[in-house]
Amino acid sequence: MIVPGDPRPPPGAPHPGRPSPFPRDRLERPTLEAARALLGARLVRDAVPATDEGSGLGRRVGRIVEVEAYIGEDDLASHARFGPTDRNRVMYGPPGTAYVYLVYGMHHCLNVVTEPTGRPAALLVRAVEPIDGVDAMRAEREALSAGRRRARASTDARPRHIPDARLAAGPGLVAAAFGITRRDTGIDLCDPSSPLRLESPPGGEPPPDVVTGPRIGIAYAAEPWTSVAWRFTVAGSPSISGRRR
DNA sequence: GCAAAGATTTGCT
DNA sequence: GCAAATCTTTGCC
């Protein structure tokens with residue numbers, strides 16, 4: 001029973017201060033609806049203990065502020081346009097599963113599988129607003145930049161300062177900041193015991209204002225797929241992908 | 001078996 | 001504004 005002043009949360013509500021897993025049924029529905037549900041959700045990577053390789057990394061948490069929908073085999077921008085393959089098979093599986101692929105031979109991209117099993121669809125996580133574990137995100141990002149500079153053999157170039165809000169402001173940067181690789185494909189992001197997972201926004205946080213627009217980087221597709229407004233962003237977030245003015 | 005292109009990011013011009 | 005870096009996946013011969 002709920003009475004005014006009762007410190008206990010109402011039934012089903014997130015426990016204050018305790019994370020609540022992201023409900024799978026929010027993803028097991030039309031992807032364009034799931035996109036709005038996923039905005040504001042938390043992406044969490046558990047702490048990585050220190051090994052011989054190097055010192056550990058703290059727990060990382062960020063708020064999802066940009067996603068893109070890829071829906072069905074008809075969508076000529078989707079990896080599912082080829083039908084089921086070794087790479088995209090997980091898109092045909094249960095909602096809440098992670099689908100991670102490599103683009104341009106160097107960047108990983110994290111997708112959240114949506115819709116009931118058998119229907120290939122997913123949401124590409126394009127940008128995350130860092131909340132916690134900024135040091136770990138920065139460490140992974142700088143390791144990436146250092147490797148790039150080595151490859152380019154540009155000894156004179158020094159790393160440019162990156163504001164916290166820009167650490168995961170792009171799909172490849174989200175994966176880098178959270179240490180996500182193809183080995184994470186198949187992880188159940190709705191399972192609270194997964195080392196990489198989704199959590200619901202804290203109770204009381206208002207749902208974000210959402211802006212939609214066409215998807216990015218899919219010029220290879222045909223109309224109407226290049227123009228449909230299947231990109232969803234949180235209005236006013238400083239962490240949206242793309243270059244700053 | 002080989003060639004082409006890619007759900008990106010960065011740094012230089 | 002443009003091109004490079006880099007390698008997997010897919011299509012075609």
Side-chain angles (χ1 to χ4, degrees), chain A residues 31-32 34-35 38-39 43 64-92 97-115 120-128 137-138 140-163 165-185 212-233 239-245:
Chain A
T31 304
L32 300 185
L38 194 54
L39 287 183
L43 179 65
I64 296 175
V65 294
E66 178 177 346
V67 298
E68 275 177 4
Y70 292 85
I71 310 173
E73 296 180 347
D74 293 338
D75 178 0
L76 294 183
S78 172
H79 290 170
R81 67 186 181 278
F82 304 119
T85 67
D86 286 341
R87 177 174 69 160
N88 67 19
R89 195 156 336 260
V90 69
M91 290 182 74
Y92 292 76
T97 308
Y99 168 43
V100 184
Y101 65 88
L102 183 67
V103 269
Y104 298 106
M106 57 187 78
H107 299 293
H108 295 273
C109 293
L110 169 68
N111 293 257
V112 181
V113 174
T114 58
E115 309 220 7
L123 290 164
L124 170 66
V125 179
R126 285 192 58 91
V128 166
M137 297 182 197
R138 192 176 293 280
E140 299 246 45
R141 173 73 172 273
E142 302 212 329
L144 191 76
S145 302
R148 258 183 141 266
R149 278 195 305 280
R150 241 188 327 275
R152 199 178 269 255
S154 49
T155 49
D156 49 337
R158 290 205 335 279
R160 191 173 53 97
H161 174 71
I162 304 163
R166 306 302 296 170
L167 284 171
L173 302 179
V174 170
F178 283 80
I180 295 167
T181 70
R182 280 177 298 174
R183 289 199 309 275
D184 294 308
T185 288
T212 65
R215 294 173 290 179
I216 306 294
I218 54 158
Y220 57 85
E223 293 292 351
W225 311 113
T226 47
S227 298
V228 290
W230 287 359
R231 176 177 180 240
F232 300 77
T233 61
S239 302
I240 300 303
S241 71
R243 293 209 162 175
R244 298 266 265 171
R245 290 176 301 197

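Chain letters run A, B, ... following the sequence lines, proteins first, then strands; residues in each count from 1.
Distance alone, capped at 3.5 Å, places no donor-acceptor pair between the T212(A) side chain and the F232(A) backbone. For S239(A) (side chain) and A165(A) (main-chain N/O), a donor-acceptor pair under 3.5 Å exists by modelled atom type.
The side-chain contact (heavy atoms from CB on, under 4.5 Å) check on A77(A) picks up Y70(A), D75(A), R215(A), I218(A), Y220(A), A221(A), with sequence neighbours excluded. In this view, Y92(A) satisfies the ring-ring contact (aromatic ring centres under 6.0 Å, His included) rule with no residue, not counting sequence neighbours. Taking P171(A) as the reference, C109(A), L124(A), R126(A) meet the side-chain contact (heavy atoms from CB on, under 4.5 Å) condition, with sequence neighbours excluded.
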request  = Check the pair E68(A) / L123(A) against side-chain contact (heavy atoms from CB on, under 4.5 Å), numbers first and verdict last.
outcome  = CA-CA 5 Å; E68(A) 275 177 4; L123(A) 290 164; over 6 Å; no
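Contact annotation: T85(A) reaches the phosphate of dT10(C) (side-chain N/O to OP1 or OP2, under 4.0 Å).
Between the CZ atom of F82(A) and the P atom of dA4(B) there is a distance of 16 Å, rounded to whole Å. The interatomic distance linking D86(A) (CG) with dC7(C) (P) rounds to 20 Å, in whole Å. When the P atom of dT9(C) is taken as reference, atom NE2 of H108(A) falls 11 Å away, rounded to whole Å.
Remark: the separation of the P atoms in dA5(B) and dA3(C) is 16 Å, to the nearest Å.
Atom CG in L38(A) sits 4.0 Å away from atom CD1 in I64(A) (nearest 0.5 Å).
When the options N111(A), L39(A), T233(A), V112(A) are evaluated for a side chain to side chain contact (heavy atoms under 4.5 Å, CB included) with V67(A), the one that passes is L39(A).
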Please write out each protein N/O paired with an N/O of nucleotides 5-8 of chain B under 3.5 Å, distance rounded to 0.1 Å.
residue	atom	partner	partner atom	Å
dA7(B)	OP1	H79(A)	NE2	2.8
dA7(B)	OP2	Y220(A)	OH	2.4
dA7(B)	N9	Y101(A)	OH	3.2
dA7(B)	N7	A77(A)	O	3.4
dA7(B)	N7	H79(A)	NE2	3.1
dA7(B)	N6	H79(A)	N	3.4
dA7(B)	N1	N111(A)	OD1	2.6
dA7(B)	N3	Y101(A)	OH	2.9
dT8(B)	OP1	R126(A)	NH1	3.2
dT8(B)	O2	H107(A)	NE2	3.0

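Looking at heavy-atom distances under 4.0 Å, R182(A) makes contact with sugar-phosphate atoms alone, never a base.
Residue T226(A) comes nearest to P214(A) through the heavy atom pair O-CB, 3.8 Å, listed as atom of the first residue, atom of the second, then distance. The minimum heavy-atom distance linking P120(A) with A80(A) is given by the pair CB-CB, 3.7 Å.
Taking a pair as Watson-Crick or G-U wobble with both distances under 3.5 Å, DNA chain C forms stems of 3 or more consecutive pairs at B:1-6 with C:7-12, B:8-12 with C:1-5.
The stretch residues 221-228 of chain A has no heavy atom under 4.0 angstrom from DNA chain B at all.
Under the 30°/60° scheme for interplanar angles, the aromatic rings of W230(A) and W225(A) are found to be tilted.
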